[in-house]
There are 2 protein chains.
Amino acid sequence: MSTPFSSSKDWLSRLANHGYRLTEPRRVIVEIIAASDRALNPLEVFDLGRDACPGLGLVTVYRTLEKLEDLGLVQRVHQADGCHAYLRAANGHEHILLCNQCGQAVFFAGDDLTSLLERVARQSGFEIQEHWLQLHGLCARCRDSVR
Amino acid sequence: MSTPFSSSKDWLSRLANHGYRLTEPRRVIVEIIAASDRALNPLEVFDLGRDACPGLGLVTVYRTLEKLEDLGLVQRVHQADGCHAYLRAANGHEHILLCNQCGQAVFFAGDDLTSLLERVARQSGFEIQEHWLQLHGLCARCRDSVR
DNA sequence: CTATAATTGAAAACGATTTTCATTATCAGA
DNA sequence: TCTGATAATGAAAATCGTTTTCAATTATAG
């Protein structure tokens, strides 16, 4: 069980190492995602980013999120309403647990899945390339405040 | 491990029991989803539906899929490109395995998850309301034809 | 310091989905 | 069986999230 926080410094050098330029909009966007404990959609990143970088464009948010996802630093989560939000990427065999109320994200280890995956591959004849586990619920605080 | 086929008769009576009228467009759409062994997006349902019901409108497809989902007969699957497709709903603790190539869907039992869910709930303090496991890979036939 | 090429933001385009609205069809009740 | 209330339909327009285009700006190698 781990918090989703991460170091924006690392992310910026990863960007630089891959030939991307370090610009003000990118610094701001990276900082926002890395510092967030919940998944943010592009518009939310945009709104937060405008505070630190008034000229920021929504298009730049989309483009930067796409690059961060390509580099494996950030991952998209799918929400019930069909929209996408972005979060620090899970490392290794971590998966995500999201609060339906406040959006808080928690990572947890899901290594127990391997035996299930092997069994399903054997029985179905499929070659399994990707597994995608996401949990939704209410965090302790929201559970108390809702009832 | 089970095929995704289901009885469209059952679905129609479920619709009727819930106060919905049985119309030609609904009969056609239900028949298409129930008979499909892969997830279909609304446009695919529309194209197939036009064959049997020439006047069919895409809007009706969306509306009918929404009702079927509300009744728990059909479920949405999220795809890598962000689009949605619809499939017979998994029953009980089944989950879905999708072929990235041909789209074929296979259901498998995922009851092994309960202990994982309990552990995560305990450690995180969350009340877990929904778990969402989806596997992607290549079915036996596509794996052979791709290589 | 300069030149080059990557990056930017605004506007327009885009595709999927939803809403609006007038017409049509289902079905409960006479 | 007929009929009226109203649920359901399809077409067009609106909407929403996302992507493309393009001219202006900016980071960085040399």
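This is a predicted model, so every value here is computed, not measured. The chains referred to below are lettered A, B, ... by the order of the sequence lines, with proteins before strands, and numbering in each begins at 1. Only heavy atoms go into these numbers, but all of them, side chains included; no hydrogens, no water, no symmetry mates.
Between B:Tyr20 and A:Gly57, the residue anchored nearer the 5' end of DNA chain C, judged by the nucleotide with its closest heavy atom, is A:Gly57.
Across the protein-nucleic acid pair, A:Phe46 atom CZ and D:dC16 atom C1' stand 16 Å apart, rounded to whole Å. Per the geometry, CZ belonging to B:Arg63 stands 13 Å off C1' belonging to C:dT24, to the nearest Å. The CG atom of A:Leu68 sits 12 Å away from the P atom of C:dT7 (whole-angstrom rounding). When the C1' atom of D:dT19 is taken as reference, atom NE2 of A:His84 falls 14 Å away, rounded to whole Å. Computed from coordinates, the B:Leu15 CG to C:dT26 P distance equals 15 Å when rounded to whole Å. With rounding to whole Å, B:Leu40 atom CG is found 17 Å from C:dA16 atom C1'. Rounded to whole Å, atom C1' of C:dA16 lies 15 Å from atom CD of B:Glu66. Computed from coordinates, the A:Asn41 CG to D:dC16 P distance equals 14 Å when rounded to whole Å.
Listed pair B:Tyr62 / C:dT18 fails the phosphate criterion, with no side-chain N or O lying under 4.0 Å from OP1 or OP2. Between B:Thr23 and the phosphate of D:dA7, there is no side-chain N or O to OP1/OP2 separation shorter than 4.0 Å.
A:Leu22 comes within contact range of the sugar-phosphate backbone alone, with a heavy-atom separation under 4.0 Å but no base atom that close. Among the protein residues, B:Leu56 comes within range of the sugar-phosphate backbone only, with heavy atoms under 4.0 Å from sugar or phosphate atoms but none that close to a base. Counting any heavy atom pair closer than 4.0 Å across all strands shown, A:Arg76 reaches no nucleic acid atom. Nucleic acid contact for A:Arg26: sugar-phosphate only, since backbone atoms but no base atoms lie under 4.0 Å from a heavy atom of the residue.
In this structure, the nucleotide among D:dA11, C:dA25, C:dT4 sitting nearest to the side chain of A:Arg21 is C:dT4. Taking the side chain of A:Pro42 as heavy atoms from C-beta on, and the options C:dA11, D:dT18, C:dA6, the nearest nucleotide is D:dT18. Nearest nucleotide to the B:Val59 side chain, out of D:dT9, C:dT19, C:dA10: C:dT19.
A:Arg88 and A:Glu94 are joined by a salt bridge, as a carboxylate oxygen and a charged side-chain nitrogen come within less than 4.0 angstrom of each other. One finds no salt bridge joining A:Arg63 and A:Glu66 here, because no Lys/Arg side-chain nitrogen approaches an Asp/Glu carboxylate oxygen to under 4.0 Å. Salt bridge A:Glu44/A:Arg38: present, at least one basic N to carboxylate O contact under 4.0 Å.
If you look at B:His95 and B:His131, their ring centroids are closer than 6.0 Å.
The aromatic rings of B:His78 and B:His84 lie perpendicular to each other, with more than 60° between the two planes, well past the 30° mark.
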